[in-house]
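Written out below as structure tokens is the structure these notes cover.
Note that the structure is predicted; figures quoted are calculated from it, not measured. Naming convention: chains lettered A, B, ... in sequence-line order (proteins, then strands); numbering from 1 in each chain.
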Protein chains: 2
Amino acid sequence: MSLDRELNLEAPFKDPQHETVLNIVRTASVLAGVGDQLFRQFDLTEAQFNVLFSLKYNPQQVTQTDLGRRLVVTRASITSVLDKLEAKGLVERQDVPNNRRSYHVVLTEKGKALVDEVEPHYRRRVHQALDGMDERECRQLIRLLERVRVQASLLQDEDVENSRAG
Amino acid sequence: MSLDRELNLEAPFKDPQHETVLNIVRTASVLAGVGDQLFRQFDLTEAQFNVLFSLKYNPQQVTQTDLGRRLVVTRASITSVLDKLEAKGLVERQDVPNNRRSYHVVLTEKGKALVDEVEPHYRRRVHQALDGMDERECRQLIRLLERVRVQASLLQDEDVENSRAG
DNA sequence: AAGCAATCGTTTGATGTCAAACAAATTATT
DNA sequence: AATAATTTGTTTGACATCAAACGATTGCTT
């Protein structure tokens, strides 16, 4: 649905629904770009930062599957990102007692130090990106987005046949 | 900045700015999922559909660089997507007279037929995703997102040193 | 005209993502 | 206890994306 990020006005659509979708996708993409650009300065990818960040704020016993659930990413993706992070010494896979199937994923000292270093910059970026929007406007935006998300979630498993019927 | 798609409320942040960013990114991701799920039923990826769709509504003489600009994607990405589309016979690279450097990218009959087939389903999905939002709310959402996008664009090239100064 | 600079498409290499299949381990059922 | 079902992490294979470098071509400067 990211579809055409082209917000060019030669638009094939003039209806507000479609413009809205484009705007959501495009804005997310710009925000992602800002994040990427920041993380790269610390030799991190966005996916890697996400894991470090999540671990910092969820220091409980966390398995790879847990991480995947939280970051909304498949187990396979987690495996690959953790491989990179572990190679850099930012993260460790620890054996779980009485369970030889899972690992607990934990930040190393180095990993903790790095995420602590990046975090303030990240927070600053977020605030700058939303600069000029007061709390009321933020809440409004969130409320509207939540509605879209709920509606969209209902479409997840729809196939073309159903769609014709609907 | 996709950052944590976890909108779990154990959130390390309680400030509205950050929640807003998370919501934008998360919503875009859900929308993308809906698109993916649709396109897969036609053996297309989102990137491939985006190209077909863009070509349909911009049937002028279009080079690969033009396409990249419109879809906000690097030339390298365009090359790879076009390779796939061309292999499927959905698209053609045509020599440009008096310019041996560029190609014009055009839909084949097959490509045109496919995009015509997918498009109504796509439009339906968009409308369903935004179901319940009237035009006024759409405009409001768009307006807020535009403000975020403008602000965020300003951060694009900021590095950590500048950020400290700012 | 000659030489330098910019542009076009491609390639390479790294990353992330998913779906699907797998082995190993754990849990549930019978 | 034995068997079936589920879960966990990994692998494989396909795709997209980017940055960086490259050759070919075109444009610009002098």
Passes ring-ring contact (aromatic ring centres under 6.0 Å, His included), B:F49 versus B:F42? Steps please. CA-CA 10 Å; B:F49 176 77; B:F42 296 91; 9.0 Å; no
List every contact pair, protein side and nucleotides 2-7 of chain D side both N or O, where the distance is under 3.5 Å.
unit_1	atom_1	unit_2	atom_2	d
D:dT7	O2	A:R101	NH1	2.3

How many whole angstroms separate atom [atom1] of [X] from atom [atom2] of [N]?
X	N	atom1	atom2	result
B:I78	C:dT10	CD1	P	11 Å
B:R40	C:dT17	CZ	P	16 Å
A:L67	D:dT8	CG	P	13 Å
B:N99	C:dG9	CG	C1'	11 Å
B:D66	C:dC8	CG	P	8 Å
B:R100	D:dT25	CZ	C1'	7 Å
A:Q94	D:dG9	CD	P	14 Å
B:Q41	C:dC18	CD	C1'	16 Å

Residues forming a salt bridge (Lys or Arg N to Asp or Glu O under 4.0 Å) with A:K110, sequence neighbours excluded: none
Is the phosphate of [N], meaning OP1 or OP2, less than 4.0 Å from a side-chain N or O of [X]?
X	N	result
B:T74	D:dC18	yes
B:S102	C:dC8	no
B:R93	C:dT10	yes
B:Q64	C:dT7	no
B:T79	C:dT10	yes

Working note: B:L144 + B:R147, criterion side-chain contact (heavy atoms from CB on, under 4.5 Å); need CA distance, chi angles, decisive distance, verdict. CA-CA 5 Å; B:L144 291 169; B:R147 277 170 59 188; 4.2 Å; yes
Taking the side chain of A:Q48 as heavy atoms from C-beta outward, which of D:dT17, D:dC15, C:dG16 is closest to it? C:dG16
Considering only D:dG9, C:dG9, C:dT15, which nucleotide approaches the side chain of B:T63 most closely? C:dG9
In terms of heavy-atom contacts, B:Q48 and B:D43 come closest through OE1-O, 4.0 Å
Indicate, with a heavy-atom threshold strictly under 4.0 Å, whether A:A47 touches base, sugar-phosphate, or nothing. sugar-phosphate
Give one of base, sugar-phosphate or nothing for B:T45, where a contact means two heavy atoms less than 4.0 Å apart. sugar-phosphate
Just by distance, do the side chain of [X] and the backbone of [Y] share a donor-acceptor pair under 3.5 Å?
X	Y	value
A:N99	A:R101	yes
B:Q64	B:S102	no
A:S80	A:A76	no

Could you check whether B:R149 and A:T27, counting side-chain N and O atoms only, form a donor-acceptor pair closer than 3.5 Å? yes
Quiz question: by atom type and distance under 3.5 Å, do the side chains of A:D66 and A:T63 form a donor-acceptor pair? yes
Does B:D83 pair with B:R93 as a salt bridge, N-O distance under 4.0 Å? yes
DNA chain C contacts among residues 80-89 of chain A, heavy-atom distance under 4.0 Å: A:S80, A:V81, A:K84
